[in-house]
Amino acid sequence: MADEREQLRNDAAARYDPAAIEQKWMERWAADPKLYAAEPATSKKPKYYVLEMLPYPSGQLHMGHVRNYAIGDALARQMWMRGYNVLHPMGWDAFGLPAENAALKNNTPPREWTVQNIAAMKRQFNRLGMGFDWATEVTTCMPEYYRWNQWFFLRMYEKGLAYRKKSKVNWCPECATVLANEQVVDGCCWRHEDTKVEQRDLVQWFLRITAYAEELLEGLEKLPGWPEKVRTMQRNWIGRSEGTEVDFFLEEQGTRERGSKGAERQRIRVFTTRVDTIFGATSVQLAPEHPLVATFTAEDAALKPKVDELIAQQKAARDAGDLGAIEKHGVATGRFAINPYNGERVPIWVANYILMDYGTGAIMSVPAHDERDFEFATKYGIEIRRVIKPISEGEGADALPFLSEDGVLVNSGEYDGLTCVQAQEKLQKAAARGAFGEAKVIFRLKDWGVSRQRYWGTPIPMVHCERDGVVPVPEDQLPVILPDNVEITQQGGSPLARVPEFVNTTCPKCGGPARRETDTMDTFVDSSWYFYRYTDAHNSRAPFDSDIAKYWFPIDQYIGGVEHAILHLIYSRFWTKVMRDLGLIRNDEPVDRLFTQGMVIKDGAKMSKSKGNVVSPDDMVARYGADSARMYSLFAAPPDRDLDWQEDGVAGVSRFLGRVWRIVTKYAAVARSAEASPQVSSKTQVGGALLRKLHQTIAKITQDFEGRWHFNTDVAAIMELVNEIQDAEPQMAAGEIPAPVVRELLRTLVLLLAPFAPFLAAELWEQLGEKGAILREPWPKSDPDLAKEDEIEIPAQINGKLVAVVRVAAGSDSKTLESAALADDKVKARIAGKTVVKIIVVPGRTVNLVVK
RNA sequence: GCCCGGAUGGCGAAAUUGGCAGACGCAGCGGACUUAAAAUCCGCAGACCCUAACCGGUCGUGGGGGUUCAAGUCCCCCUCUGGGCACCA
């Protein structure tokens, strides 16, 4: 037994034993808290802020995390080695519903559950060797952090950016709380894919993100370092639309001819992007929930059930997540509206395809030039009147049922003959003159509803006083502490409302009895500015020091999943603009470059518990070591593409690292015996070919880190290098390769490996006799002379087909290449008896003979 | 319907500006070492045809057309697939 153990120990010394190596370095690194710390903002080094999205502390890292953080950590390590002042922090998005659900399930308080999970995940991060500076750790559920959420909320309240209003809100019965528009996916909750979101009327707190709609949209143009995909998604989400609002006059009952005068006349305001087609408007359509409809139904009892039916249809379609799919239905109200441009009297309808929450909830219907209006008019026999003539009188344009393209106006009175664009401008001016309309830009983006009727979140720092109404909590009374020991239930309404000690307070204004706001903030508030806090994580007087934030921002590289393309990334952009306007920071945008990595797939589906195809990082680490798991996640696919997880692949990477281990440890003594020597810059010696390969590899990886980020090919390049070194092993063993060359090869190999396999690199660095941290070692430089090939192979083609490969000196001119190709036997045989019409030579690339 | 990706061996994938398609790895096959196995090392490996074998040939990057001396790469049309948006007036 003892012998066996002894044997194992000896084997471990000889063989690559990731468990032992990683344990050793984990302890060393833990004992050196400065290792991954950034230097202060006064540092002379150029700064580099690399950030991966902070995880929700579920208690378990998954492979998506491993991939995300392996990418960021590789970048951070390389930047450290390149001499940058690197900020590479980590934290926890620690508020949110799962903690409450866990509380229900296990009877553990959310705080306890969260704190335990954080500890567990931190262990996993350290086990994986992630180079985070834990001194700047941010945990969003701590009062030291969330007090600043409250502080920001008060600032926004002062500026009118936070406000309360009654509104229809998205209610998830499962979460028993409100959701933001951004959190509703296909009519269902983003957390509960099978739970339909209900509409409820509630008084809610909102943040006026729409005040920044225009800037949020324009700012996208100034983010070339963001994926086009993300910018497009945000552009669509903001949904800017230029058009015109026009008032149709409501024809009063029984006063059809006279009408009352000007301003007193009731109006229906419609929004249109095609005011140029207004002479073709043959009806006005109202959303079923339009306020005017209520007055109509009040006067006409028969109308009410029909309108209710339309509302029900809309609701059903919304629940199904597909408003576009319902058949168009409508009902004529019997009322009429007057087109302000020509005085024409058109019927007013209520229709289920008109949405109350977009535009004005009312449209002018132009069946001849809008597909939806056409469909509706056809169904109900409403007049279809052409008012646009296509410019290109193409085949059968007139035969088309409707024409949505631009053209020239007809049947439009004084506007006839104008182009659509000209007409829009003129009609807008006329509307403004006549005070019955104006040019208008509207957005699809809505204000951000941040109230949540849940416990585990930031308390909204407001007080309700019977005398003074809504009163903000004074700044010096922050934070409003979230009480512990709150009973969590599945019923609706905020759990905080059932905690008298929390609810009952005094009014800051009058000192009388008052009730605290019991809603908490959406957790996306927490993640909207957390990355600023990292720069000054322990500041107790301000969210962060402005000067420090000015030094670090914007974030140079942000890395995370594309699923945050809208929610998190638009809220953080908004928050940044607010903070800028508060004078806290100087940057307009939080993130300079954004990288969205692909998903981790297994057996053709995204890894998920419900699919049962989850691979646990702990298992992988236990079986192959952290280095192998990390390196595989970089090797198996380029980081921006989906990664197909194959365990055999991890084993392969592990084998490779074992080869590196064997070679380096075997020749470490040779390397240690040598000094740095000019021999290593000569390639005319034994081992010169290896030096060439080495410098080519340095060049490739260095260049790749500059932005292309195809880490899979970088790992492949290191493998090629190791293969060549291994092929030269007989010479190494025979001592034919000079020791300084061996030293240079092994040292550099280990340096190149450092961003990808930090544990092994640290261990081998030490075995090579180095004392300092490999992270502090300068990144190797490629010598172009050494990297250059002396001889290259050039394909010789005939009529574009490969016939032979000829060897020539690197840098040979066209003449040399041409004659080399013509001298080749295979080429000679192929052109015998034929005429060479033309010879194309691309130096360094190819020779092609055009032969007849 | 609209807007983005993607499609390359049995599999994951490579291929700076158009210039040797399949680097690197996985799985596979053959061999060495071993009593044996594992581990490790060496070698083979797109498909098809020809050949006893060597040699050699043809085809080949989702499909069809085109530009070019030369196309995985550029242009046009189409198919499939992943994602986002969608009665947004």
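To find a chain, count down the sequence lines: A is the first, B the second, and so on, and within it residues start at 1. Any value given below was found using the heavy atoms of this structure, including those in side chains, with hydrogens, waters and symmetry copies removed. Just so it is clear, the structure is predicted and the values come from calculations on it, not from any experiment.
- Closest to the side chain of Thr273(A), out of A89(B), A23(B), G25(B), is A89(B).
- The P atoms of G60(B) and G64(B) are separated by 9 Å, rounded to the nearest whole Å.
- Nucleotide U68(B) forms no Watson-Crick or G-U wobble pair with any nucleotide shown, as no partner meets the under 3.5 Å limit on both distances.
- Per the geometry, CZ belonging to Arg444(A) stands 14 Å off P belonging to G84(B), to the nearest Å.
- If you check A27(B) for Watson-Crick or wobble pairing at under 3.5 angstrom, you find it has no partner at all.
- Atom-to-atom, CG of Asp640(A) to C1' of G83(B) comes out at 14 Å; the value is rounded to the nearest Å.
- Residue Lys328(A) places a side-chain atom within donor-acceptor reach of the base of C87(B), judged by atom type and a 3.5 Å distance cut-off alone.
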For this session: Spell out protein contact along nucleotides 8-19 of chain B as letters: B when the base is contacted, S when just the sugar-phosphate is, - when no protein heavy atom is under 4.0 Å; keep the 5' to 3' order.
Result: ---SBSSSBB-B
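- Among the heavy atoms of the strands, none lies under 4.0 Å from Ile794(A).
- Rounded to whole Å, the distance from CD on Glu647(A) to C1' on A27(B) is 14 Å.
- Nucleotide G18(B): unpaired (no Watson-Crick or G-U wobble partner with both distances less than 3.5 Å).
- G82(B) is paired with C4(B) under the criterion used here, namely a Watson-Crick or G-U wobble arrangement in which both key atom distances are under 3.5 Å.
- We find that CD of Gln285(A) is positioned 16 Å from P of A89(B), with the value rounded to whole Å.
- Listed for the Arg692(A) side chain is no donor-acceptor partner under 3.5 Å among the backbone atoms of Ala787(A).
- From Met233(A), atom CE reaches atom OG1 of Thr596(A) across 9.0 Å, with rounding to the nearest 0.5 Å.
- Comparing C76(B) with G12(B), their C1' atoms are spaced 33 Å from each other, to the whole Å.
- A distance of about 33 Å separates the P atoms of U51(B) and A70(B), rounded to the whole Å.
- Take the nearest nucleotide of RNA chain B for Leu802(A) and for Tyr353(A): the residue whose nucleotide is more 5' is Leu802(A).
- Residue Asn723(A) has no polar side-chain atom (N or O) positioned under 4.0 Å from OP1 or OP2 of A23(B).
- Applying the Watson-Crick and G-U wobble criteria (two distances, each under 3.5 Å), U35(B) pairs with nothing in any strand.
- As the counterpart of U73(B), no nucleotide is assigned, since no Watson-Crick or G-U wobble pattern has both distances under 3.5 Å.
- Pair check for A45(B) finds none; no Watson-Crick or G-U wobble contact set falls under 3.5 Å.
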For this session: Determine, step by step, whether Phe705(A) and Phe711(A) satisfy the ring-ring contact (aromatic ring centres under 6.0 Å, His included) criterion, reporting the C-alpha distance in whole Å, the side-chain angles of both residues, the deciding distance to 0.1 Å, and the verdict.
Result: CA-CA 8 Å; Phe705(A) 265 112; Phe711(A) 297 140; 5.0 Å; yes
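- Nucleotide A86(B) holds its C1' atom 14 Å from the CE atom of Met233(A), rounded to whole Å.
- In this structure, the nucleotide among A21(B), C87(B), A89(B) sitting nearest to the side chain of Tyr358(A) is A89(B).
- Nucleotides G46(B) and U8(B) have their C1' atoms positioned 10 Å apart, rounded to a whole Å.
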For this session: Evaluate the ring-ring contact (aromatic ring centres under 6.0 Å, His included) criterion for residues Tyr341(A) and Phe436(A): first the C-alpha distance (whole Å), next the side-chain angles of each, then the deciding distance (0.1 Å), finally the verdict.
Result: CA-CA 9 Å; Tyr341(A) 286 99; Phe436(A) 56 80; 5.1 Å; yes
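- Comparing C24(B) with G1(B), their C1' atoms sit 43 Å apart, to the nearest whole Å.
- Distances were taken from every side-chain heavy atom of Glu720(A) (C-beta onward) to each of C85(B), A23(B), C87(B); the shortest belongs to A23(B).
- Salt-bridge check for Glu720(A) with Lys700(A): failed, with every basic side-chain N at 4.0 Å or more from each acidic carboxylate O.
- Judged by distance alone, the side chain of Asn352(A) and the main-chain N or O of His329(A) form a donor-acceptor pair under 3.5 Å.
- Under 4.0 Å is where a charged nitrogen must lie from a carboxylate oxygen, and between Lys815(A) and Glu818(A) no such pair does.
- A gap of 45 Å separates the P atoms of A86(B) and U68(B), to the nearest Å.
- Between Leu569(A) and Leu594(A), the closest side-chain pair of non-hydrogen atoms falls below 4.5 Å.
- Between the side chain of Glu289(A) and the backbone N or O of Met356(A) there is no donor-acceptor pair closer than 3.5 Å.
- Judged by a 6.0 Å distance limit and a 45° cone about the ring axis, Arg444(A) is positioned over the six-membered ring of Trp237(A).
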Seminar exercise, completed: Protein heavy-atom contacts under 4.0 Å, written 5' to 3' over nucleotides 37-45 of chain B as B (base), S (sugar-phosphate only) or - (none), form the string --SSSS---
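- Taking 90° from 0 as the syn/anti boundary, the base of G66(B) is oriented anti.
- Relative to the side chain of Val805(A), the nucleotides C24(B), C20(B), A89(B) differ in distance, and C20(B) lies closest.
- Listed for the Asp627(A) side chain is a donor-acceptor partner under 3.5 Å among the backbone atoms of Leu760(A).
- One can place CG of Asp648(A) at 5 Å from P of A27(B), the figure rounded to the nearest angstrom.
- When both pairing distances are held under 3.5 Å, A89(B) makes no Watson-Crick or G-U pair with any nucleotide shown.
- By the 6.0 Å and 45° rule, Lys328(A) stacks over the aromatic ring of Tyr353(A).
- Ring orientation note: the planes of Tyr571(A) and Trp448(A) are close to parallel, at an angle under 30° on the 30°/60° scale.
- In this structure, Ile701(A) places its CD1 atom 15 Å from P of C24(B), rounding to the nearest Å.
- Across the C1' atoms, A14(B) and C87(B) are found 46 Å apart, a figure rounded to whole Å.
- Counting any heavy atom pair closer than 4.0 Å across all strands shown, Asp373(A) reaches no nucleic acid atom.
- Gly652(A) comes within contact range of the sugar-phosphate backbone alone, with a heavy-atom separation under 4.0 Å but no base atom that close.
- With rounding to whole Å, Lys826(A) atom NZ is found 10 Å from G56(B) atom C1'.
- A15(B) and C4(B) have their P atoms separated by 24 Å, given to the nearest Å.
- Considering only the side chain of Lys229(A), G83(B) comes nearest among C20(B), A89(B), G83(B).
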